[in-house]
Amino acid sequence: MVPTASRTPAAHQHRHDAKAFVRDVSRVCGERGLRLTPIRLRVLELLAEATIPVKAYDLLDDLKDGPGAAAPPTVYRALDFLLEHGFIHKLESINAFVGCHHPGESHQVPFLICDGCASAIEICDEGVADLLTRQARDRGFTPAGQTLEVHGLCADCSR
């Protein structure tokens, strides 16, 4: 079953309109000549519908209820495709996935992850990623990617 937070106000939802998100990704796939297979589409829909980050095995459980048999490699291949093309993000510290607010743009963004309700908030501010890249390059380091995840309590859980 796709997880949802018990206290998930609109501000906590990673994606506010699941259907619009899926339409955006479908459009981008068409523009890029990418194939959004039925399993990739279903994984994308499940992530879009979730209000908190979803683990691969939760997706697998949901896919077992649908048509066709979904094995772990199938789910991971779908996730790899969606990650590779920037349609979803992987939250490394909790090994879970969320849809991307800007599926047509290549970008790196930090996340605020609530340890109370498990919500994840994407911070859409390229300045943070730019600052980290600049700091790395100033030290002679060539960055290949970024993962910035801040754990704590969201405003609701802090009350």
Side-chain angles (χ1 to χ4, degrees), residues 1-5 8-32 34-37 39-63 70 72-136 143-157:
M1 182 156 127
V2 173
T4 58
T8 307
H12 274 214
Q13 293 176 355
H14 186 78
R15 187 74 189 182
H16 299 292
D17 185 343
K19 290 181 182 185
F21 172 63
V22 172
R23 279 193 308 270
D24 287 348
V25 171
S26 296
R27 177 186 48 77
V28 171
C29 282
E31 291 170 355
R32 295 180 185 171
L34 302 173
R35 188 162 173 253
L36 194 57
T37 64
I39 190 72
R40 291 171 180 170
L41 177 61
R42 187 63 190 130
V43 168
L44 182 69
E45 289 169 342
L46 290 169
L47 288 171
E49 293 164 4
T51 58
I52 60 174
V54 182
K55 295 183 180 291
Y57 276 90
D58 293 330
L59 292 168
L60 184 61
D61 286 344
D62 285 342
L63 291 168
T74 306
V75 173
Y76 282 107
R77 280 193 299 272
L79 289 168
D80 286 344
F81 169 85
L82 296 170
L83 279 168
E84 176 185 349
H85 296 288
F87 303 138
I88 64 172
H89 294 289
K90 182 176 182 183
L91 303 178
E92 298 288 344
S93 64
I94 59 173
N95 197 27
F97 302 87
V98 294
C100 176
H101 277 287
H102 308 285
E105 303 171 17
S106 176
H107 64 285
Q108 296 180 31
V109 295
F111 281 87
L112 304 177
I113 301 171
C114 181
D115 295 324
C117 67
S119 65
I121 301 168
E122 179 178 333
I123 299 177
C124 298
D125 182 348
E126 289 293 321
V128 175
D130 292 343
L131 175 64
L132 289 172
T133 298
R134 193 170 49 253
Q135 290 284 329
Q146 294 180 23
T147 302
L148 179 58
E149 300 170 13
V150 179
H151 282 263
L153 294 175
C154 67
D156 285 346
C157 290

Which heavy atom in [X] sits nearest to a heavy atom in [Y], and how many Å separate them?
X: Phe21; Y: Gly99; answer: CZ-CA, 3.7 Å
X: Cys157; Y: Cys114; answer: SG-SG, 3.7 Å
X: Ala120; Y: Leu91; answer: CB-CD1, 3.7 Å
X: Val75; Y: Ala56; answer: CG1-O, 3.9 Å
X: Cys117; Y: Ile52; answer: O-CG2, 3.8 Å
X: Ala118; Y: Pro53; answer: O-CD, 2.9 Å

Step by step, work out the side chain to side chain contact (heavy atoms under 4.5 Å, CB included) result for Val109 and Ile123.
CA-CA 6 Å; Val109 295; Ile123 299 177; 5.7 Å; no

Are the side chain of Arg42 and the backbone N or O of Leu63 linked by a donor-acceptor pair below 3.5 Å?
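No: the side chain of Arg42 does not pair with the backbone of Leu63.
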
Begin with the C-alpha distance, continue with both residues' side-chain angles, and end with the deciding distance and a verdict on side chain to side chain contact (heavy atoms under 4.5 Å, CB included) for Arg77 and Thr74.
CA-CA 5 Å; Arg77 280 193 299 272; Thr74 306; 3.6 Å; yes

Pairwise side-chain contact, His85 with Leu34, heavy-atom cut-off 4.5 Å (strictly under):
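They are in contact (side-chain heavy atoms under 4.5 Å apart), so the answer is yes.
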
Taking atom [atom1] of [X] and atom [atom2] of [Y], what is their separation to the nearest 0.5 Å?
X: Ile113; Y: Leu153; atom1: CD1; atom2: CG; answer: 12.5 Å
X: Leu79; Y: Lys55; atom1: CG; atom2: NZ; answer: 12.5 Å
X: Asp115; Y: Cys154; atom1: CG; atom2: SG; answer: 10.0 Å
X: Leu82; Y: Lys90; atom1: CG; atom2: NZ; answer: 13.5 Å
X: Leu59; Y: Tyr76; atom1: CG; atom2: OH; answer: 9.0 Å
X: Leu44; Y: Phe81; atom1: CG; atom2: CZ; answer: 9.5 Å

Sequence neighbours excluded, which residues qualify as side chain to side chain donor-acceptor pair (under 3.5 Å) partners of Arg27?
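Checked Arg27 against side chain to side chain donor-acceptor pair (under 3.5 Å); matches are Glu31.
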
Angle class for the His89/Phe111 ring planes (parallel below 30°, perpendicular above 60°, tilted otherwise)?
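Aromatic pair His89/Phe111 classed perpendicular.
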
Please identify which of these residues, Val25, Leu46, Leu36, meets the side chain to side chain contact (heavy atoms under 4.5 Å, CB included) condition with Leu41.
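Among the candidates, only Leu36 passes.
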
Taking atom CZ of Arg35 as the centre, does the number of heavy atoms from other residues, nucleotides or ligands within less than 6.0 Å exceed 12?
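Incorrect, the count does not exceed 12.
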
Donor + acceptor pair across side chains of Glu149, Ser93 (<3.5 Å)
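Yes, because at least one side-chain N or O of Glu149 sits under 3.5 Å from a partner of the opposite role on Ser93.
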
side-chain contact (heavy atoms from CB on, under 4.5 Å) against Gln135, all qualifying residues, sequence neighbours excluded:
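side-chain contact (heavy atoms from CB on, under 4.5 Å) check on Gln135 returns Leu131, Arg139.
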
